[in-house]
Amino acid sequence: MKISHLFTKTTKDAPSDEVAKNAQLLIRAGFIYKEMAGVYTYLPLGKKVLDNIVNIIREEMNAVGGNEISMTALQNPEVWQTSGRWNDDVMDVWFKTQLADGKELGLAPTHEEPLTKLMKNFIHSYKDLPVYPYQFQIKFRNELRSKSGLMRGREFWMKDLYSFSRTQEEHDAFYEKISEAYVRVFDRLGLGENTYKTFASGGSFAKFSHEFQTVSSVGEDTIYIHKEKRIAINLEVYTDDVLAELGISKNELEEAKAVEVGNIFTLGTRFSDPLDLNFTNEEGATVPVIMGSYGIGPSRLMGLIAEHFADEKGLVWPENVAPAKVYLVRIGNEDAIKAADDLYEQFTNAGIEVLYDDREERPGTKFADAELLGIPYRVTVSDRLLADGKFELTPRVSGETELLTPTDLLAKLI
RNA sequence: CGGGGUGUGGCGCAGUUGAUAGCGCGCUCGGUUUGGGACCGAGAGGUCGAAGGUUUGAGCCCUUUCACCCCGACCA
């Protein structure tokens, strides 16, 4: 994309109504726009980052047999009343609204109920199982207090996958499989090092659920990390009994603040029982489907990545999620314009995403924007360099500039 | 929802004992610049969050209200 086609602009000043670093940087760099507290619009570059995160998750979900769908945000209360979760005392984050005739509707905070009901149309026999529908959806949660920019919004993107299995054994095997998929997701997002599979409270059908917690100073959760085993224990289940059960002693653990970036949860028959999602097994008996739910928050991840990978100059996107791989800075007139245009075309033809700064701005402005936007590689084309037949390559992470011939440059980036 | 704080051009801010608003960034025009957010000159842009009140007079005082931020409680 050419910067001249990009309608967003960068600013030097951070908005005064944001304190969270992720929100300040993302707004300054023009990735997001704040509509109201906890509600953000994704602008072109932000949309690109979000899509990149979503695509990584999508690939990994498909790899474990996921079927992508897209459910409705508007919810009929009936199915929620059946499960008991329409009641505000049970689920206190509902946004409720109504039809013109006064009938109540809800905006989905999660999708267990409607999906369970939907699956009744397709699950009848053991031959129909197991299945793993999932979606990327905006969830609505009426949080008492939204905070920390994209980290806790009232409207946020979520990947929610649900497993429908025949037996507990089948469920457990998938639970393990998707747990491994989550590890791959966080690795690919650049968060693997700092992300721990964490024991958390499990509800009525399992002793534990598991959260994926990324260590961060802005975290809201407290976890106890076992570095060698690459696991952690959430404060909420940090008891002597649990430690004994896991065979871990307190002195092996380190306390840390962390952000919950994903969770996996055994639901058992919590929803299949009340909603009558049953199937006929090989013996001809009617039995309830065993379910699980598996969430990842792409928008929260975007906020966390922005927060985590940043320096005094701005954002520093990992290559896999960056809105472009290369920020092409053009300095100079005819020769530079021609050379930069050519380079832009070569990158584009090779499938490399480039933000081409074709504006009539001074070099300092372009460099500052390249850094604020956090594009992994800056390539500079200038009259001065062209005289020597060289281009300049500056990785965002190191900031160290290297002079390369066109051939070497392309070989390095393509 | 409890506590604290903040609302003034698009953004960041100043505004004294009450006298009808100013600075920086950005924007427009002209000129000079051109490898680290340039400089000079000339401009445009504000019913001071909203409503009510006190006063000869309110950005400033009082009341109500809305929004936003932070801490806490609660939560992907």
Side-chain angles (χ1 to χ4, degrees), chain A residues 8-20 23-24 27-30 33-39 88-94 108-112 136-161 182 198 200-201 209-214 218-221 234 236 258-265 293-304 313-314 329-333 336 357 359-373 378 380-387 390-392 394 399 401 403:
Chain A
T8 58
K9 290 182 163 51
T10 60
T11 62
K12 289 181 196 171
D13 292 321
S16 63
D17 67 346
E18 294 281 8
V19 169
Q24 289 197 341
I27 290 170
R28 277 187 58 207
Y33 168 80
K34 183 182 198 166
E35 295 286 351
M36 62 182 108
V39 180
D88 290 328
D89 295 335
V90 177
M91 182 110 86
D92 62 2
V93 293
W94 272 112
T110 179
H111 279 86
E112 282 85 0
F136 294 93
Q137 245 266 357
I138 289 178
K139 305 295 187 193
F140 299 91
R141 296 194 183 176
N142 200 348
E143 300 284 349
L144 256 41
R145 182 185 165 207
S146 64
K147 58 186 276 197
S148 307
L150 289 186
M151 313 275 278
R152 175 170 299 285
R154 296 202 166 94
E155 174 182 322
F156 60 95
W157 282 92
M158 178 152 127
K159 182 284 301 180
D160 44 331
L161 183 147
Y182 272 34
T198 302
S201 57
S209 68
H210 292 88
E211 295 165 344
F212 287 79
Q213 295 272 5
T214 304
V218 295
E220 298 179 29
D221 290 339
N234 194 306
E236 66 189 20
V259 175
E260 184 181 351
V261 290
N263 64 18
I264 58 178
F265 207 92
S293 67
Y294 314 85
I296 293 182
S299 47
R300 173 179 282 184
L301 278 167
M302 179 171 159
L304 177 63
K313 290 176 175 172
V329 172
R330 183 185 82 197
I331 302 170
N333 295 314
D357 198 338
R359 297 173 299 174
E360 297 304 318
E361 291 287 347
R362 295 168 64 87
T365 302
K366 296 186 175 189
F367 292 149
D369 277 348
E371 283 151 356
L372 176 59
L373 263 46
R378 187 182 85 205
T380 305
V381 174
S382 76
D383 294 330
R384 182 189 299 178
L385 293 168
L386 285 171
K390 295 285 180 62
F391 292 142
E392 211 177 74
T394 313
T401 291
L403 291 178

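The chains referred to below are lettered A, B, ... by the order of the sequence lines, with proteins before strands, and numbering in each begins at 1.
Taking the salt bridge (Lys or Arg N to Asp or Glu O under 4.0 Å) definition, one finds that A:Asp13 meets it with nothing, sequence neighbours left out. Taking the ring-ring contact (aromatic ring centres under 6.0 Å, His included) definition, one finds that A:Phe140 meets it with nothing, sequence neighbours left out.
A straight line from NZ of A:Lys366 to C1' of B:A38 spans 15 Å, rounded to a whole angstrom. Across the protein-nucleic acid pair, A:Met302 atom CE and B:A76 atom P stand 22 Å apart, rounded to whole Å. Distance, A:Glu360 CD to B:G37 C1': 17 Å, rounded to whole Å. Atom CG in A:Asp13 sits about 10 Å away from atom P in B:C25, given to the nearest Å. Nucleotide B:A76 holds its P atom 10 Å from the CD atom of A:Gln213, rounded to whole Å. Rounded to whole Å, atom P of B:U33 lies 13 Å from atom CG of A:Asn333. Per the geometry, OH belonging to A:Tyr33 stands 12 Å off P belonging to B:G10, to the nearest Å. One atom, CZ of A:Arg28, and another, C1' of B:C25, lie 12 Å apart when rounded to the nearest Å.
Residue contacts shown for A:Arg330 are absent, as no nucleic acid heavy atom lies under 4.0 Å away. Looking at heavy-atom distances under 4.0 Å, A:Met151 makes contact with a base. Within the nucleic acid shown, A:Thr10 comes within 4.0 Å of at least one base atom, counting heavy atoms only. In this structure, A:Glu392 reaches the bases: a heavy-atom distance under 4.0 Å links it to at least one base atom across the strands shown. Backbone-only contact: A:Pro15 has heavy atoms under 4.0 Å from sugar-phosphate atoms and none from a base. Nucleic acid contact for A:Leu385: base, since at least one base atom lies under 4.0 Å from a heavy atom of the residue.
The distance from atom NZ of A:Lys390 to atom CG of A:Leu403, rounded to the nearest 0.5 Å, is 6.0 Å.
A side-chain donor-acceptor contact under 3.5 Å links A:Asp369 and A:Thr10. For the residue pair A:Asp160 / A:Gln137, no side-chain donor-acceptor distance below 3.5 Å is found, with atom types taken as modelled.
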With the criterion being N/O to N/O and under 3.5 Å, what pairs connect the protein with nucleotides 68-74 of chain B, and how long is each?
residue	atom	partner	partner atom	Å
B:C68	OP1	A:Ala37	N	3.0
B:C68	O3'	A:Lys34	NZ	3.0
B:C69	OP1	A:Lys34	NZ	2.8
B:C71	OP2	A:Arg145	NH2	2.4
B:G72	N7	A:Arg145	NH1	3.4

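Not a single donor-acceptor contact under 3.5 angstrom links the side-chain atoms of A:Glu361 to the base of B:G37. With hydrogens and angles left out, the side chain of A:Asp369 and the base of B:G37 share a donor-acceptor pair within 3.5 Å. Scanning atom types as modelled, one donor and one acceptor separated by under 3.5 angstrom connect the side chain of A:Glu371 and the base of B:G36.
Remark: B:G36 base-pairs with no nucleotide; criterion is Watson-Crick or G-U wobble with both hydrogen-bond distances under 3.5 Å. Look at B:C11: its Watson-Crick or wobble partner, with both distances under 3.5 angstrom, is B:G24. Nucleotide B:U6 forms a pair with B:A67, judged by Watson-Crick or G-U wobble geometry with both contacts under 3.5 Å. When both distances must be under 3.5 Å, the Watson-Crick or G-U wobble mate of B:G41 is B:C29. Remark: B:G59 base-pairs with no nucleotide; criterion is Watson-Crick or G-U wobble with both hydrogen-bond distances under 3.5 Å.
The backbone N or O of A:Glu260 lies less than 3.5 Å from a partner atom in the side chain of A:Arg300, making a donor-acceptor pair. Judged by distance alone, the side chain of A:Ser382 and the main-chain N or O of A:Leu385 form a donor-acceptor pair under 3.5 Å. Side-chain atoms of A:Glu236 come within 3.5 Å of backbone N or O of A:Ser201 as a donor-acceptor pair.
The pair A:Lys34-A:Glu18 meets the salt-bridge criterion, with a side-chain N (NZ, NE, NH1 or NH2) lying under 4.0 Å from an Asp/Glu carboxylate O.
B:G35 has no base stacking with the ring of A:Phe367 when judged by centroids under 5.5 angstrom apart and an interplanar angle below 30°.
Between B:G35, B:A38, B:A76, one nucleotide has an atom nearer to the side chain of A:Thr365 than all others, and that is B:A38.
Comparing the same atom, P, in B:A19 and in B:U28 gives a spacing of 36 Å after rounding to whole Å. Taking atom C1' in both B:U16 and B:C60, the straight-line distance is 10 Å, to the nearest Å. B:G49 and B:G10 have their P atoms separated by 13 Å, given to the nearest Å. Here, B:G57 and B:U17 have their C1' atoms 15 Å apart, quoted to the whole Å.
Here the closest non-hydrogen pair linking A:Tyr294 and A:Lys159 is O-NZ, 2.9 Å.
Dashed line: the shortest gap from a side-chain N or O of A:Arg362 to OP1 or OP2 of B:A38 is under 4.0 Å.
Residue whose closest nucleotide on RNA chain B sits further toward the 5' end, between A:Trp157 and A:Ala14: A:Ala14. Comparing A:Asp383 and A:Asp221, the nucleotide of RNA chain B nearest to each residue sits closer to the 5' end for A:Asp383.
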